[in-house]
Peer 1: 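To start, I am sharing the structure in question, which I have written as structure tokens.
Not measured: the values here are computed from a predicted model.
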Amino acid sequence: MTTPTKTAGAVTIAAGSADTEVNAREPLAELFRDLRTSPRGLAGREAARRLIVYGPNELARRTGRRWPGELLSQFTQPLAILLAVAAGLAWAGGTPALAVAVVAVILLNAGFAFVQEMQAEHAVDALAAFLPATARVIRDGVRAEIPARDLVPGDVLIIVEGDRVSADARLIGGAVTVDLSALTGESVPADRSAEPAEVTGSLLDAHDLLFSGTTCTGGEASTVVTRTGMHTELGRIAALAQRGKAQPSPLETQVRRATWIIAVVAVAVGVAFLPIGVWAGLGWSAAINFSIGLIVANVPEGLLPIITLALAVGVRELARKGAVVKRLSAVETLGSTTIICTDKTGTLTENRMTVTRLWLPGAEMDATGTIDDPRAAILAAAAAACTSAQTPTDAQPAGSGDPTELALLRLAQHQGAAVPPAARDAGRRKIFHFDAHLKRMTSVDEMAGVVAVHTKGAPETVLPCCTELDEPTRRELQHTIDRYADSGLRVLAIARRVLLPGEPALVRRGEAETGLTLLGLVAMVDPPRDGVAEAVASAHRAGIRIHVITGDYGPTAAAIAHQVGIGRAGGRIVAGDELDRLTDAGLDHLVGGDDEIVFARASPEAKLRICEALRAGGNIVAMTGDGVNDAPALRHADIGVAMGRSGTDVAREAATMVLTDDNFATIVTAVSAGRRVFANVRKFVLYIFAHAVPEVVPFLIFALSGGAVPLPLTVLQILAIDLGTETLPALALGREPAEPGLMDRPPRPRRTGVIDRRLLLRAWLLLGGVSAILVMGGYLYTLMRAGWHLGDPTGPGTALHQAYLQATTITFAGIVACQIGTAFAARTDRASLFTIGLFRNPLLLWGILFELIFTAAVIYTPWLQHIFGTAALSATQLAIIAPFPFIVWGVDEAARWVARRRTASVPQGASRDT
């Protein structure tokens, strides 16, 4: 790919056979000429042609050469190092065949892990398709929204607050404030406008240029695209085109630490029993093989890649349900969420505003019908003038912009005072965009030859800007506002001031928002979303509290919150000014209780303070947001949740999770999925760890008997179990459906690990212990039935050798049979298997079928018998191990039944061991 050549502001772009030299700083008339475009934008066919010539507007990613390093890193894992030690011991002990087998295991395990990690990475990368970056452009003279990758030089691009700038562009109208830190590292926002200025300095300092990768933090402007893709300033910075190394999740860190512990213990046990075996008369060769067997038996091959795959599967499932998670680790964190801080509008509600009531001085009326009072038309026209939304078009059937502003445009049209967006924009003299602190927006507009200031916003911020309001009127206004709010209506105050002829232009906000005349109040309804009440109830059953943080009026937000089940009637409402007066200690005390609070008229800084206070109390916080100023709170929360539809690019960049449907219910769905993923990780860790005991016990009996009891299991048979029969059922347990009651439990504590004392006792003592007793019983029974006595030789050429081969095969097959019982037992942590159904996980059934086929092949195929030291079993011998799965599962089922009875007997409110 070619790169731009920059000289004195000129850029030569070579694309195919077309060379276009554009000086982004030349006069606008010449720039339009050189780009062969106009303020009306490109024609659709011309834009399509340029897309072919210049290519998509995206950065080239050079990731194809990462795989060698990723593959080599698999050989530095603790378990790989441990197996390498075992291979070295086998070679030193004079058993090269065993050493080769162990090396083959290392290669297979590394290859499996590498494939799974690459698949997990691709799963996350593919999520970009769920949320393609978009850009607002003018094509064929009509505003449209297109994928940002389809931008081409010459496009007229509209930039508004919260947008990520998608290409290098020159301003042709309006003014914006932009964050250039992605290019310059400077955190202070810079002002950019289309006003003429002297052309000096570098391109990045130019007051009329915008650059790809920067973000608009305020204002609105129209621009013409000058460069796209790798030809932008961002494309020239090679470091920004490189991908950073993903950090392991806390779950992966815990398991990695556990595998190191397992490795150390395995080596310590192997080394410790080496002299014991020699002392018992085994000889050095047999003792070394015994130590290798202990090491291999303790290695849970495939544990880390299975965890990575489980997290990646969770990410994909969440994406299908409307929650795009940008990091694998977030899936795990979601499951331990204790607090959800949610917006109201668009999250709890549908964000589909409809004006239902109007208040005019001395009158109140239904806005759903036509109103005869001419003041209603004046109010509706003023409200529509103070907007920047766009009415529906063929390209945008639902319109674009803030739903509140769309409702005001519909109101004006319904009252016969329509303000077409094109006429509104043409007559606009000045605009002061909505300010999150002031809670109002103001525009200076010329309509029908009259220049007027129009202001809309929260009543408590607009009324102080108005004159001629006596005390009775103020009391009536407050009574009306409270009445509307108690009904769940959102209330806006509309005011204006007509400028006198010759009055100087208003350039400062403070000059414009004074001396206003109140025209009236507009009340609109935004009904709660379907399914939100059920989601709130589910969150409450899961022990999750929900706080509402909104810029809306307190009683309005409280009414909506109460409708969906958040808080209680008459619950605590904390207004923004009250919150500002609270000290940090006071805020910690406020959020430390069990109440659900509505924080009204909250500023973005307040969101950050609330988040910090909740996290200081040990909570796992999920915080929603959609605006530019929400980004700090989204970054600081454990799970930042941005809105995919209504949210700004800045918020989506800062968030950990993006909701493609903007629905609160999706957050609760994500929490449930996070809990299920964590529970499934514990299930297959339990399953894998349980088999270490029946694999280790035979070696211990062999060593402690000084060889009098022949070795019940060979190292190659262990490898056949760990790699041949164990992996697929473990993968299937990672796809297990949610256990009943999973969302009826309190969130797990922040420091709870995936491997805890309860899991180890269940794996090693209960499941592993029962399995070890069964397989050793089958082994000894088979030998003794053939006439074996303690110390009798069983080597090749002896009378008992065939019986010994069958006995070791019984041990091998018995462990596989116990694996099947363990797999079914591991499907539930507390509930009975019968409550979830035997056949709800078809992947597990297929995994068990493969397990049985593989085991039969090892037992009955002659050339595999020679490799693994097995012998064919008779029907009677198979009947010995047939009950093993039912015994293992039955003992665990009984233990879970006892645990449920004990838990049920604990008085409500008393502490219990979970």
Peer 1: Can a side-chain donor-acceptor contact be found between Thr455 and Glu513 if the only test is distance below 3.5 angstrom?
Peer 2: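 There is no such pair (donor and acceptor under 3.5 Å, judged by atom type) between the side chains of Glu513 and Thr455.
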Peer 1: Determine whether a donor-acceptor pair (N or O, by modelled atom type, separation under 3.5 Å) exists between the side chain of Thr473 and the backbone of Leu469.
Peer 2: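 No: the side chain of Thr473 does not pair with the backbone of Leu469.
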Peer 1: Would you call Asp552-Lys344 a salt bridge at under 4.0 Å N-O?
Peer 2: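 Looking at Lys344 together with Asp552, the answer is yes, because their closest N to O distance falls below 4.0 Å.
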Peer 1: So does Leu500 get a backbone contact from the side chain of Glu503, meaning a donor-acceptor N/O pair under 3.5 Å?
Peer 2: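 Here the side-chain-to-backbone pair exists.
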Peer 1: Does the pair Glu405/Lys456 count as a salt bridge with the N-to-O cut at 4.0 Å?
Peer 2: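 Judged by the 4.0 Å cut-off on N to carboxylate O distance, Glu405 and Lys456 do form a salt bridge.
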Peer 1: Determine the minimum heavy-atom distance between Ala495 and Cys466, stating which atoms define it.
Peer 2: CB-SG, 3.8 Å
Peer 1: Do His547 and Ile340 have side chains that get closer than 4.5 Å, going by heavy atoms?
Peer 2: no
Peer 1: State, without any angle test, whether Thr349 and Asn351 hold a side-chain donor-acceptor pair at a distance under 3.5 Å.
Peer 2: no
Peer 1: Distance only, no hydrogens: is a donor on one side chain within 3.5 Å (strictly under) of an acceptor on the other, for Arg490 and Thr404?
Peer 2: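 Looking only at side-chain atoms, Thr404 and Arg490 do form a donor-acceptor pair, the distance falling under 3.5 Å.
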Peer 1: Do Thr177 and Arg192 have a side chain donor and acceptor closer than 3.5 Å?
Peer 2: no
Peer 1: Before accepting this row, confirm whether a basic side-chain N of the pair Arg609/Asp584 lies closer than 4.0 Å to the acidic partner's carboxylate O.
Peer 2: yes
Peer 1: Tell me the closest heavy-atom pair linking Ala412 and Ala384, and the distance in Å.
Peer 2: CB-CB, 3.7 Å
Peer 1: Going through the distances and angles, do Arg357 and Thr480 end up as a side-chain contact (heavy atoms from CB on, under 4.5 Å)?
Peer 2: CA-CA 11 Å; Arg357 305 290 296 174; Thr480 303; over 6 Å; no
Peer 1: Salt-bridge test for Arg139 and Asp155: reply yes if a basic N is under 4.0 Å from a carboxylate O, no otherwise.
Peer 2: yes
Peer 1: Do NZ/NE/NH1/NH2 and the carboxylate oxygens of Glu612 and Lys607 come within less than 4.0 Å?
Peer 2: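 Result for this pair is no, no salt bridge flagged.
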Peer 1: How close do Thr347 and Met643 get, heavy atom to heavy atom, and via which atoms?
Peer 2: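 Scanning both residues, the minimum pair turns out to be OG1-SD, 3.6 Å.
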Peer 1: Decide yes or no for Ile378 and Arg496: does some side-chain heavy atom of the first lie under 4.5 Å from some side-chain heavy atom of the second?
Peer 2: yes
Peer 1: Should Arg352 and Asp526 count as an ion pair when the cut-off is N to O under 4.0 Å?
Peer 2: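 No, Arg352 and Asp526 are not salt-bridged.
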Peer 1: If we count only N and O atoms by modelled type, under 3.5 Å, do the side chains of Asp661 and Thr666 hold a donor and an acceptor together?
Peer 2: yes
Peer 1: Taking 4.0 angstrom as the limit, do Asp445 and Lys430 come out as a salt bridge?
Peer 2: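 Lys430 and Asp445: not salt-bridged.
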Peer 1: Quick one: do Arg475 and Asp470 make a salt bridge, cutoff under 4.0 Å?
Peer 2: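 Result for this pair is no, no salt bridge flagged.
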Peer 1: Under 4.5 Å between any side-chain heavy atoms of Val491 and Trp359, yes or no?
Peer 2: no
Peer 1: Picking from Leu408, Thr354, Thr356, what satisfies side-chain contact (heavy atoms from CB on, under 4.5 Å) with Met524?
Peer 2: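 Of all the options given, the one that passes is Leu408.
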Peer 1: Nearest 0.5 Å please: distance from the CD1 atom of Ile494 over to the CG atom of Leu492.
Peer 2: 5.5 Å
